Amino acid sequence: LDAEIIRPKTAKGPIPFVILLHGCSGMNELLTTWAHSYAEKIVGIGYGVLILDSFTSRKVSNICTDPSQLGWARRRADDAYSALDYLIENRLGISDKVFILGRSNGATTALLSMNKAKLNSYAPQARRDFIAAVTVRASACCSARRLATRLLRLGNCWVGQPLPGT
């Protein structure tokens with residue numbers, strides 16, 4: 001998978017991180033600009049950012065009209081957990097301070113990543129958890145509303161947290 005890691009220039013040792021996920025149209029020019037804009041703000045408050053591209057290395061450019069978007073979100077959740085493992089194993093991120101932020105299909109992926117019941121069905125090897133998820137323009141085509149996820153309103157974003165016992 002392709003990824004870009006951006007850290008504050010003054011960072012030493014592990015720091016809090018955000019794994020940023022693109023939407024259903026992949027890392028096109030618009031989404032690359034969006035990702036770097038968000039990354040600049042996040043790095044500005046002392047966090048690192050890993051921009052994860054789940055499509056380019058798979059030679060996928062767009063799944064916006066693909067009826068299997070939920071299947072892609074599940075595959076991408078596995079990608080996100082691999083990125084989480086990479087950050088921790090390479091001592092870049094603090095294990096209990098890694099967040100996931102997704103746009104469109106990436107938002108659906110972020111919500112799925114927070115749901116342990118769903119996670120165990122497609123990423124049973126996951127050893128770590130994200131501290132929270134932030135979604136931007138979550139896909140309406142998927143059944144994300146039916147996920148066992150409690151959503152808290154935060155500005156114009158949603159933060160997903162797993163329900164107790166999941």
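The basis for the numbers below is simple: all heavy atoms, side chains too, and nothing from hydrogens, waters or symmetry mates. Bear in mind that the values here come from a model prediction, so they are computed numbers and not experimental data.
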Considering all heavy atoms of both residues, which atom of [X] and which atom of [Y] are nearest to each other, and what is their separation?
| X | Y | value |
| --- | --- | --- |
| Arg103 | Trp34 | NH1-CD1, 3.3 Å |
| Leu52 | His22 | O-CD2, 3.4 Å |
| Ala132 | Met114 | CA-CE, 3.7 Å |
| Ala39 | Ile6 | CB-CD1, 3.9 Å |
| Ile15 | Lys12 | CG2-O, 4.5 Å |
| Leu21 | Ala110 | CD1-N, 4.3 Å |

Find the distance between [atom1] ([X]) and [atom2] ([Y]) and round it off to the nearest 0.5 Å.
| X | Y | atom1 | atom2 | result |
| --- | --- | --- | --- | --- |
| Asp78 | Ser113 | CG | OG | 9.5 Å |
| Lys97 | Leu87 | NZ | CG | 15.0 Å |
| Glu4 | Leu20 | CD | CG | 10.5 Å |
| Phe17 | Ile42 | CZ | CD1 | 11.0 Å |
| Ser82 | Arg76 | OG | CZ | 13.0 Å |
| Leu112 | Arg75 | CG | CZ | 14.0 Å |

* Do any N or O atoms from the side chain of Asn28 and from the backbone of Leu30 form a donor-acceptor pair under 3.5 angstrom? -> yes
* How about Phe99: does its CZ atom have over 12 heavy atoms from other parts shown lying under 6.0 Å from it? -> yes
Is there side-chain contact between [X] and [Y], with at least one heavy-atom pair below 4.5 Å?
| X | Y | answer |
| --- | --- | --- |
| Ile5 | Val49 | no |
| Thr109 | Asn105 | yes |
| Leu84 | Ile19 | yes |

Hydrophobic clusters here meaning ILVMFWY residues chained together by side-chain heavy-atom distances under 4.5 Å, can you tell me if [X] and [Y] are in one?
| X | Y | result |
| --- | --- | --- |
| Ile94 | Ile45 | no |
| Tyr38 | Ile131 | yes |
| Ile88 | Ile100 | yes |

